Amino acid sequence: MSEAEAVYFSKDFDWDDLKNDVEADPSLRHHLLPFPPPPAPIPPPRDVSGAWGSFHARHHTGKFFKERRYLLKEFPELVSRGKKNPKVLEVGCGNGSTVLPILRGNEDVVVYACDCSGEALEYAKEMVDTSNVASIERRFHPFLCDFSLDGFPMWLACGPCRETSLHKHCCSSEAEEKTEMPLRGFDLSKDSSCLGGVDFITMIFTLSAIPFQMMPKALAECFCVLKPGGLLLFRDYGLYDMTMLRFESGKRVGFREYMRSDGTRSYFFSLEIVRDLCLHAGFIELEVEYCCIKSLNRRSGKSMRRVWVHGKFQKPK
């Protein structure tokens, strides 16, 4: 294993030691304070896609987003040969930094990739199109979707499939023969079946970007479009990550929830919150743990403690 790969698979420090350091530091006290509830319910924001579109326009180069090749080590199920033409739904694909290593690592996989930002999808298509990945037209299907607000389209899993979501999807047998389902212009009323759901959902640094009160609905949507036995593969910001500790008190918009000046937001997860959200949606927990990594800022020479939550959850068979 190379040094570049090894950094993602080691436990460089104990999360409890970091927790103790944060709680003992008076300058970080604002991160620990309860957040007062709003006097009235706050409606879901409708301008999220615009904020993320501007974000990706500023940060779409490979210098900012690198291929997440480590995910194939973290989630080897994505490159296993046990399933014929596995279908992956990448939620919040951004510029394609997760999609590309999956397509490279498994020549049989078909990836459906969504994002709320049209700009991000254009960058993802550009990155994938110039990658020389085999059979890319057949295996990569990007589409615009804000799943936290509007849910997933019916061609992923139709109404009857969602209603029987704890059993075999009603369209599964037909969908196995339709791995090249056309997405543009697809009309469920004219086609006899949907895709029948997907085998895997990858949610990589996506859930943290939506308001906390919308997370249960978002995960329920994921549960509905997964086939029975399918896996939700999760990686996101962990509690007391360096990024969280850099936020000033005025950036708090909720408990452990922050908004940047550009309108994008981040939530920082504890293991308990990830577990509770996923179990409440109906998933079975397979793995959930902190990844605690020390990285070196070459410019300042300072060591930075990064925390991510890694999780695998399964839809009951």
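Here the structure is a predicted model, which is why all the values come from computation and not from measurement.
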K.L.:
Evaluate the side-chain proximity of F75 to L231: yes if any heavy-atom separation is below 4.5 Å, no if none is.
P.N.:
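A side-chain contact under 4.5 Å is absent here.
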K.L.:
Would you name the heavy atoms of L121 and C114 that are closest together and state the gap between them?
P.N.:
CD2-C, 4.3 Å
K.L.:
Looking at T98, V109, V88, which one forms a side chain to side chain contact (heavy atoms under 4.5 Å, CB included) with L103?
P.N.:
V109
K.L.:
For the residue pair S80 and N106, what are the closest heavy atoms and their distance?
P.N.:
O-ND2, 3.7 Å
K.L.:
About how many Å separate CZ of R235 and OG of S208, when rounded to the nearest 0.5 Å?
P.N.:
12.5 Å
K.L.:
Check salt bridge (Lys or Arg N to Asp or Glu O under 4.0 Å) between D129 and all other residues, then give those that pass, not counting sequence neighbours.
P.N.:
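Expected list: none.
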K.L.:
What is the minimum heavy-atom distance between F268 and G238, and which atoms define it?
P.N.:
CD2-O, 3.7 Å
K.L.:
Among Ile, Leu, Val, Met, Phe, Trp and Tyr joined by side-chain contacts under 4.5 Å, find the other residues sharing a cluster with F255 and list them by chain and number.
P.N.:
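Cluster partners of F255: F35.
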K.L.:
Starting from the C-alpha separation in whole Å, work towards a yes-or-no answer on side chain to side chain contact (heavy atoms under 4.5 Å, CB included) for V307 and L239.
P.N.:
CA-CA 7 Å; V307 180; L239 185 59; 6.0 Å; no
K.L.:
Hey, can you tell me if W15 and Y240 have their rings parallel, tilted or perpendicular (30° and 60° cut-offs)?
P.N.:
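Rings of W15 and Y240: parallel, as their planes differ by under 30°.
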K.L.:
Could you give me the CA-CA distance, side-chain angles and deciding distance for L233 and K312, then say whether side chain to side chain contact (heavy atoms under 4.5 Å, CB included) is met?
P.N.:
CA-CA 5 Å; L233 307 176; K312 293 182 187 180; 4.0 Å; yes
K.L.:
Any heavy-atom pair between the side chains of S295 and M242 that's under 4.5 Å?
P.N.:
no
K.L.:
Nearest 0.5 Å, please: how far is CG in L144 from SG in C116?
P.N.:
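Output value for this atom pair is 8.0 Å.
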K.L.:
Taking the six-membered ring for Trp and the single ring otherwise, decide whether the centroids of F223 and F283 are under 6.0 Å apart.
P.N.:
yes
K.L.:
State plainly whether one hydrophobic cluster holds both M304 and M244, where clusters connect Ile, Leu, Val, Met, Phe, Trp and Tyr through side-chain heavy atoms under 4.5 angstrom apart.
P.N.:
no
K.L.:
Check whether any side-chain N or O of R252 sits under 3.5 Å from a backbone N or O of L33 as a donor-acceptor pair, and report yes or no.
P.N.:
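The answer is yes, because a donor-acceptor pair under 3.5 Å joins these two groups.
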K.L.:
Would you indicate whether the side-chain heavy atoms of L226 and V198 approach each other to under 4.5 Å?
P.N.:
yes
K.L.:
Who passes side chain to side chain contact (heavy atoms under 4.5 Å, CB included) against S303, sequence neighbours left out?
P.N.:
K294
K.L.:
Please verify the inter-ring angle class for Y267 with F212; under 30° counts as parallel, over 60° as perpendicular, anything in between as tilted.
P.N.:
parallel
K.L.:
Is the shortest heavy-atom distance from the side chain of L279 to the side chain of E285 under 4.5 Å?
P.N.:
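L279 vs E285: side chains touch.
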K.L.:
How far does CE of M203 sit from CZ of F234, to the nearest 0.5 angstrom?
P.N.:
7.5 Å
K.L.:
Give a yes or no answer on whether the side chain of D115 reaches the backbone of C93 with a donor-acceptor pair at less than 3.5 Å.
P.N.:
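Yes, the answer is positive, given that a donor and an acceptor are paired below the 3.5 Å cut-off.
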K.L.:
Are T243 and R306 close enough, and set up right, to give a side-chain hydrogen bond (donor to acceptor under 3.5 Å, both in side chains), and what steps lead you there?
P.N.:
CA-CA 8 Å; T243 307; R306 305 305 311 271; 3.1 Å; yes
K.L.:
Mark yes or no for whether E289, through its side chain, and H310, through its backbone, hold a donor-acceptor pair below 3.5 Å.
P.N.:
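Such a contact is absent between E289 side chain and H310 backbone.
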K.L.:
Sequence neighbours excluded, which residues qualify as side chain to side chain contact (heavy atoms under 4.5 Å, CB included) partners of E221?
P.N.:
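Residues passing side chain to side chain contact (heavy atoms under 4.5 Å, CB included) with E221: F152, R162.
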K.L.:
Going from CD1 on I201 to NZ on K315, what distance comes out if it is rounded to the nearest 0.5 angstrom?
P.N.:
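Those atoms lie 8.5 Å apart.
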K.L.:
Given side chains that start at C-beta, do those of T206 and F147 come closer than 4.5 Å, heavy atoms only?
P.N.:
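A side-chain contact exists here, since the closest heavy-atom pair is under 4.5 Å.
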K.L.:
Using the side-chain hydrogen bond (donor to acceptor under 3.5 Å, both in side chains) definition, which of the options E248, H31, R265 pairs with Y258?
P.N.:
H31
K.L.:
State, to 0.1 Å, how close L72 and P101 come at their nearest heavy-atom pair, and which atoms those are.
P.N.:
CD1-O, 3.3 Å
K.L.:
Quick one: do R260 and F247 satisfy side chain to side chain contact (heavy atoms under 4.5 Å, CB included)? Show the steps, please.
P.N.:
CA-CA 8 Å; R260 303 177 185 88; F247 279 109; 4.0 Å; yes
K.L.:
Within the 4.5 Å heavy-atom criterion, are L219 and L207 side-chain neighbours or not?
P.N.:
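When only atoms from C-beta onward are counted, L207 and L219 do touch, with a gap below 4.5 Å.
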K.L.:
At their closest point, which heavy atom of C145 faces which heavy atom of P153, and how far apart are they?
P.N.:
SG-CD, 4.1 Å
K.L.:
Given V110 and H141, is the side chain to side chain contact (heavy atoms under 4.5 Å, CB included) satisfied, shown in steps?
P.N.:
CA-CA 8 Å; V110 180; H141 304 287; 3.7 Å; yes
K.L.:
Looking only at non-hydrogen atoms, find the nearest pair between S131 and V133 and report the distance.
P.N.:
OG-CG2, 2.9 Å
K.L.:
Does E107 have any salt bridge (Lys or Arg N to Asp or Glu O under 4.0 Å) partners at least two apart in sequence or in another chain, and if so, which?
P.N.:
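So E107 forms no salt bridge (Lys or Arg N to Asp or Glu O under 4.0 Å) with any residue.
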K.L.:
In chain order, what residues pass the salt bridge (Lys or Arg N to Asp or Glu O under 4.0 Å) check against K251, with sequence neighbours excluded?
P.N.:
none
K.L.:
Any donor and acceptor pair, going by atom type alone, linking the side chain of D199 with main-chain N or O of K87 inside 3.5 Å?
P.N.:
yes
K.L.:
Applying the side-chain hydrogen bond (donor to acceptor under 3.5 Å, both in side chains) criterion to R305, which one of D12, D17, D21 satisfies it?
P.N.:
D21
K.L.:
Take a 6.0 Å sphere around NE2 of H30 and say whether it holds more than 12 heavy atoms from other residues, nucleotides or ligands.
P.N.:
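Counting neighbours around NE2 of H30, more than 12 heavy atoms of other residues, nucleotides or ligands fall under 6.0 Å, so yes.
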K.L.:
Can any side-chain N or O of N20 pair as donor or acceptor with the backbone N or O of D16 at less than 3.5 Å?
P.N.:
yes
K.L.:
Measure the CZ-CG distance between F313 and L286 for me, rounded to the nearest 0.5 Å.
P.N.:
8.0 Å
K.L.:
Can you measure from CZ (F269) to OH (Y237) and round to the nearest 0.5 angstrom?
P.N.:
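Rounded to the nearest 0.5 Å, the CZ-OH separation comes to 11.0 Å.
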K.L.:
A side-chain contact here means heavy atoms from C-beta on lying under 4.5 Å apart; do L71 and I102 qualify?
P.N.:
no
K.L.:
With no hydrogens and no angle check, is any side-chain donor or acceptor of N95 less than 3.5 Å from a backbone partner on Y123?
P.N.:
no
